[in-house]
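Presented below is the structure to which this report refers.
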Protein chains: 2
Amino acid sequence: MATGRTHRPATRSRGIPEATVARLPLYLRALTALSERSVPTVSSEELAAAAGVNSAKLRKDFSYLGSYGTRGVGYDVEYLVYQISRELGLTQDWPVAIVGIGNLGAALANYGGFASRGFRVAALIDADPAMAGTPVAGIAVQHTDDLDRIISDNGVSIGVITTPPGAAQQVCDRLVAAGVTSILNFAPTVLSVPDGVDVRKVDLSIELQILAFHEQRKAGEEAAADGRAGVDGDADTDAPPMRATPAGRKGPDGDMPAVMPA
Amino acid sequence: MATGRTHRPATRSRGIPEATVARLPLYLRALTALSERSVPTVSSEELAAAAGVNSAKLRKDFSYLGSYGTRGVGYDVEYLVYQISRELGLTQDWPVAIVGIGNLGAALANYGGFASRGFRVAALIDADPAMAGTPVAGIAVQHTDDLDRIISDNGVSIGVITTPPGAAQQVCDRLVAAGVTSILNFAPTVLSVPDGVDVRKVDLSIELQILAFHEQRKAGEEAAADGRAGVDGDADTDAPPMRATPAGRKGPDGDMPAVMPA
DNA sequence: ATGTCTTTGTGAACGCGTGCACAAAGATAG
DNA sequence: CTATCTTTGTGCACGCGTTCACAAAGACAT
């Protein structure tokens, strides 16, 4: 789900490809599971299967980190867990602030996957005065007015935005001004940030829309083509059927199906 | 943020590149905003800025859908909204079932971004008998035992999994058996599904880990390099400092920092 | 020590996605 | 009708990411 990084065209950080960085957490999860089962070593083949990727890709990914495997044997699980954790920066504690404590913000505050990976929810911030002091996931919600101080006092460098779209940019600006340099944005808004600030966007409805696209295609293919396992039905099943304005003039406003409520 | 599609290597559906499909919802959102402000037409430049992408990329994306613009003028907003909606399959109603009504499941059930884009939460399903009947977001939670019937009765083809990781694969199997062909997976598990079923994964903690990686790099670069705007600090600031096992033998189990709780 | 067998690490080819830069198309003015 | 100006649509080149396929490296047996 979610869309890739927003700014930062493809910085190829320290020689490690962005695509590889994005997969490291995947490997880490699989390795942690093996570690818990006290498995001492894994082959690239096994680990790749557990992580759901190609084994060649996994080996190449690891090769960017260094030569951590033993030929004929595989990778030492514990050692690899440590190396990847270090590479991802998970050997240190990251205080995180969540701004916008609605349903989603509360869910994230309660999400166990954060705490278990070096992330600590240091502060919950909301603009609603009525929420101030209310404990969510064991942490008292604080008011937006104190955002600056909260960020500074806790040394927060990673912020999570779960506000309504209208407030997102303003919150973002204030976070950045207070010293936050990495933002995870759940609001459906394109945030603009100064250079040096990383933004990653998670858009829940976009994921569903992508699924809907494929779903529709599957349904259409099924109806049109018979026989043969679907390769690439070339004949345009649903090519532009009708054109609102033959040669495009302004405001064709009556014959357009009201498709999108919002 | 979130990770891209899981299976389906890159099917290039109906000639529209995956990368383009993933951006269509972005354009759609920007266009909808323009539509609400009654803006009749936009240039690729303006729309690209609003969507946060390159204008050439946007034009190329639209070219896959057909020639919907007018040279010298731009794109008709309403018409484009309709075309993209149709292409994404949003002109029809998609009943969606959410399985696992914890914090996240409840947040999704309440999320407005779904209903406004053709997705209708048709059913909420949970394994806890105590939850059965409880209304969440105005919909009564139903028990997992009835999963099959619920999916069939409502014609659900898109399922959302927000269960704990241990239950995810089993729920997935049951959804697929009941006829679901698209799955949005929030559980941190690699799901295996038969061909023809699409899985998209959203992993909240992975996004944070990627941010942490860049955050760490920024901090390291700052400390090491001075002067010059950071291009690519080549000298390995934190290359393999110590190796647990010099030539890798089995189970080095004492000198490894306990980094990962779980 | 030598040979066999397993598994890594990587060179090389390929394909997709991106962005430049420009020609074609149409609007608009005179 | 002609000229000019704007903006699309796309040919092309480049770079990143993926995958294949294999040589090198080490484990293990004899």
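None of these values were measured; they are calculated from a predicted model. Every chain is numbered from 1 and lettered A, B, ... according to where its sequence line falls, protein lines coming before strand lines.
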Filtered N/O pairs between nucleotides 1-5 of chain D and protein, under 3.5 Å:
none

Protein-nucleic acid N or O pairs under 3.5 Å, nucleotides 6-9 of chain D:
residue	atom	partner	partner atom	Å
D/dT7	O4'	B/Gly72	N	3.0
D/dT8	OP1	B/Ser44	N	2.5
D/dT8	OP2	B/Ser44	OG	2.6
D/dT8	O2	B/Arg71	NH1	2.9
D/dG9	OP1	B/Gly69	N	3.1
D/dG9	OP2	B/Tyr75	OH	2.6
D/dG9	O4'	B/Arg71	NH2	3.0
D/dG9	N7	B/Arg59	NE	2.9
D/dG9	O6	B/Arg59	NH2	3.2

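Taking atom CD of B/Glu18 as the reference point, atom P of C/dG15 lies 18 Å away to the nearest angstrom. Rounded to a whole Å, the CG atom of B/Asp61 is 7 Å from the P atom of C/dT18. Rounding to whole angstrom units, OH of residue A/Tyr64 and P of C/dG9 are separated by 14 Å. For the pair A/Asp76 CG and D/dG26 P, the interatomic distance rounds to 16 Å; values are reported in whole Å.
From B/Gln83, atom CD reaches atom CG of B/Leu24 across 11.5 Å, with rounding to the nearest 0.5 Å. Residue B/Leu80 holds its CG atom at 11.0 Å from CD of B/Glu87, rounded to the nearest 0.5 Å. Taking OG1 of B/Thr20 as the start and CZ of A/Phe213 as the end, the distance is 9.5 Å to the nearest 0.5 Å. The CD1 atom of B/Ile183 lies 3.5 Å from the SG atom of B/Cys172; values are rounded to the nearest 0.5 Å.
Proximity of B/Lys60 to the phosphate of D/dT10: no side-chain N or O atom is located under 4.0 Å from OP1 or OP2. Dashed line: the shortest gap from a side-chain N or O of B/Asn54 to OP1 or OP2 of C/dG17 is not under 4.0 Å.
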**Asked** Where do B/Gln209 and B/Ser205 land on the side chain to side chain donor-acceptor pair (under 3.5 Å) test, with the steps shown first?
**Response** CA-CA 6 Å; B/Gln209 292 177 58; B/Ser205 87; 3.3 Å; yes

**Request:** Go through the steps for B/Leu191 and B/Lys201 under the test side-chain contact (heavy atoms from CB on, under 4.5 Å), then give the verdict.
**Result:** CA-CA 9 Å; B/Leu191 294 179; B/Lys201 192 181 166 193; over 6 Å; no

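With contacts defined as side-chain heavy-atom distances shorter than 4.5 Å, the pair B/Leu104/A/Tyr111 does not qualify.
Between A/Tyr68 and A/Tyr79, the ring centre distance stays below 6.0 Å.
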